[in-house]
Amino acid sequence: MSHITHKSLKRVAQSATIIFIGTIINLFLGFLGRILLIRFTTQNEYGLYSMAFTLMSVLITISTLGLYDGTTRYIAKFRAENKSDNIQDTVLSSMLIALISSVLITILAYAASGYIAINIYDLPELSPVFNILLIAIPLSVLSNIFISIFRGFGESKIKVFLNEILRPVTYLLFLIPTVFLRFSFHTMVYVYVISILITFLAFLFYFIRKPPLKLNWNRVRINHVTKELLVYSLPLLAVNILLTVMSWTDTLMLGYFRTPEVVGMYNAAYTIANLLSVFINSVGYLYVPIISQLYSKDQIEELGVVNATSTKWAFMFTFPMFVLFFLYPDFILTFFYDSRYVASSTVFQILVLGFITNAYFGLNYHTLMSAGKSYFLMNCSLISSVLNIILNLILIPPFGMVGAAIASALSFASIEVYMTVKLYKFLKIHPFTNVYLRFTFVAISIVCFFYFVTHLILTTFWTLVILYSLFLLIYAISVLYTKSLDKDDLKLMAEIWETSGIRFSFHKFLKLWGDKGVN
């Protein structure tokens, strides 16, 4: 492994660890906030909040104009090319464009809020809730731009500290006294806006005090860099919109063909299955700027190694969660919700199979985005969305929510295969090394064995604990024994562990195993 590859993989792994931990903390704190809000509001109030929040989220996506990924990619690209003036133009252009677009969309949404509430939803009481949340749009968009800027410079900790921890902690600190002192529902809505405002001010303060580059604020200009950034980013906006539409398609079409109860059960299963994307998204955070730099320097061989190794890591660390979800769907659904949702177990298993393909085929989307193929990604999203709609039309009438799950799983898998083929044709790289294929065989064998054992034994809490613990032990031994993690992987893990400031004897074991000549 070359020095460039080793350094790149080390940065990806360190960032993935930080982002993953931050995401888990954010999910936990968000879950607590949701419980408080549900418990201290009426069903009607929480429904209004959910609808207004969804509308706000869509407008934030539109206001960002795809600049979240575009800004990161171009900063990394210009850093690799040592074009400091272009970096400044990228940073200032993205901030200015995001500010203008978010303010304009906020004003338009405020003017249309009454029409939306009355004429579309027939809920006049939705308008004041929506108007309160609209305040958060420019603040959220600019915070996202700050994140993308720091991401372009290879910084991941600031996102975790401010966005994943500070924001939900601030929300809880203000929400707890608000609900216990029995303030009004609208005050609870303002609490969310306050948390977004504090997060934005924290980003702004950090950006001013510790800027990733020295900016010349007197030289804000619209030039070829601005145009190139927008041309690249706007297709990514279309991608985000299409992916959002795709995630709504199942719900909307199930609502048309079936009952609201079926929609509720399907969405519950979908939400948990989506957790399988957490680790690959964590890997992808710093992967994008690193791959953008390698591509700009035409270091395709190193890029291929980073892609293959990162994909293997993402799937390897996602696999234990997949096994838990796939083998014990009844327990998982009961744990997160209650026994009423066990009826969606089969749906949950199908969705889990669909989401694991994202981890297995790896970082195709991120690699293509880093290589500047935003229009191709837009086309992929369009194909996937259309395919999903067609399959839903065919499968939902006879099979209900099971048909919707099959439609989603097939859409996910087919587009991943398509991107893998295109990436190979474009750069001649793919993640399917001999090591990865060997690990695939081991993973399938282990799943089949435990699937058979699980169906022979009555599943209780303690049998689940024992069987899953046994799985983790066999899995860890199999990975090491079959050399699915090679010597470079293990040494890299040991280095990351040492530099993390944590001392634990396991890192010595990794180094010892690596020194024995694992290859």
Side-chain angles (χ1 to χ4, degrees), residues 1-16 65-95 97 145 147-156 211-215 221 223-237 239 283-311 362-378 380 419-420 422-431:
M1 183 183 291
S2 70
H3 173 70
I4 294 173
T5 304
H6 180 85
K7 182 179 178 181
S8 298
L9 284 171
K10 185 174 180 179
R11 290 175 62 201
V12 169
Q14 287 175 325
S15 172
L65 299 178
L67 291 169
Y68 178 76
D69 290 316
T71 300
T72 295
R73 191 250 174 181
Y74 273 90
I75 289 175
K77 176 180 180 293
F78 292 138
R79 286 180 65 210
E81 298 170 354
N82 293 317
K83 296 180 178 179
S84 57
D85 287 346
N86 287 357
I87 296 174
Q88 157 145 323
D89 290 337
T90 301
V91 170
L92 295 179
S93 293
S94 62
M95 293 173 66
I97 294 168
I145 295 299
I147 292 172
S148 68
I149 292 170
F150 284 110
R151 183 186 181 196
F153 284 92
E155 174 61 64
S156 54
L213 78 163
K214 188 175 181 180
L215 294 173
R221 58 184 181 177
N223 60 4
H224 70 282
V225 173
T226 309
K227 181 181 178 181
E228 189 177 347
L229 177 64
L230 276 175
V231 169
Y232 172 82
S233 299
L234 287 176
L236 295 180
L237 168 62
V239 170
V283 173
Y285 183 78
L286 209 57
Y287 176 89
V288 170
I290 289 172
I291 293 298
S292 297
Q293 290 184 318
L294 293 176
Y295 181 75
S296 297
K297 295 178 180 178
D298 200 29
Q299 295 171 330
I300 306 301
E301 183 178 350
E302 289 82 359
L303 188 157
V305 175
V306 173
N307 171 264
T309 305
S310 299
T311 297
L363 297 136
N364 298 315
Y365 174 87
H366 299 81
T367 305
L368 288 164
M369 181 173 64
S370 302
K373 302 298 179 180
S374 57
Y375 279 94
F376 171 74
L377 293 176
M378 181 181 68
C380 284
M419 286 194 294
T420 301
K422 283 295 184 180
L423 183 60
Y424 180 73
K425 287 184 177 180
F426 175 51
L427 292 178
K428 302 300 179 185
I429 64 172
H430 62 82

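Predicted model only: the values in this text are computed from it and were never measured.
Salt-bridge annotation for K227 and D89: absent, with no side-chain N of the basic residue lying under 4.0 Å from a carboxylate O of the acidic one.
In this structure, Y68 OH and R151 CZ are separated by 5.0 Å, a value rounded to the nearest 0.5 Å. Atom CD1 of residue I97 and atom CG of residue L67 lie 5.5 Å apart, to the nearest 0.5 angstrom. In this structure, L368 CG and C380 SG are separated by 7.0 Å, a value rounded to the nearest 0.5 Å. Rounding to the nearest 0.5 Å places NZ of K428 at 12.5 Å from CD1 of I300. Summarising the geometry, atom CZ belonging to F376 is positioned 6.0 Å from atom NZ belonging to K422; distances are rounded to the nearest 0.5 Å.
Residue S370 is tested with L303, I291, N307, L363 for a side-chain contact (heavy atoms from CB on, under 4.5 Å); the sole match is I291.
Without hydrogens or angle criteria, S148 side chain to I145 main chain gives a donor-acceptor distance under 3.5 Å. A donor-acceptor pair is defined here as one N or O able to donate and one able to accept, closer than 3.5 Å; such a pair exists between the side chain of Y232 and the backbone of M369. Remark: side-chain polar atoms of T72 are not paired, donor with acceptor, to backbone N or O of P289 under 3.5 angstrom.
I429 places a side-chain heavy atom less than 4.5 Å from the side chain of T367. Counting heavy atoms from C-beta outward, H430 and L423 have side chains that stay 4.5 Å or more apart. The shortest side-chain heavy-atom distance between T71 and V91 does not fall under the 4.5 Å cut-off. Between I87 and F153, the closest side-chain pair of non-hydrogen atoms falls below 4.5 Å. Side-chain contact between S94 and L229: present, with at least one pair of heavy atoms (C-beta onward) separated by less than 4.5 Å. Between P212 and E155, every side-chain heavy-atom pair lies at or beyond the 4.5 Å cut-off. Inter-residue side-chain proximity for R79 and Q293 is flagged as met; some heavy-atom pair is nearer than 4.5 Å. Side-chain contact between Y295 and L427 is present, with at least one heavy-atom pair separated by less than 4.5 Å.
Nearest heavy-atom pair, L236 versus G66, reported as atom, atom and distance to 0.1 Å: CD1-O, 4.0 Å. Scanning both residues, V283 and S310, for their nearest heavy atoms gives CG1-CB, 4.0 Å. Of all heavy-atom pairs between K77 and S296, the closest is CG-OG, 3.2 Å.
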Report the C-alpha distance between F78 and V225 in whole Å, list the side-chain angles of each, state the deciding distance to 0.1 Å, and finish with yes or no for side-chain contact (heavy atoms from CB on, under 4.5 Å).
CA-CA 10 Å; F78 292 138; V225 173; 4.0 Å; yes
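For E81, the CD atom counts as densely surrounded, since its 6.0 Å shell holds more than 12 non-hydrogen atoms of other residues, nucleotides or ligands.
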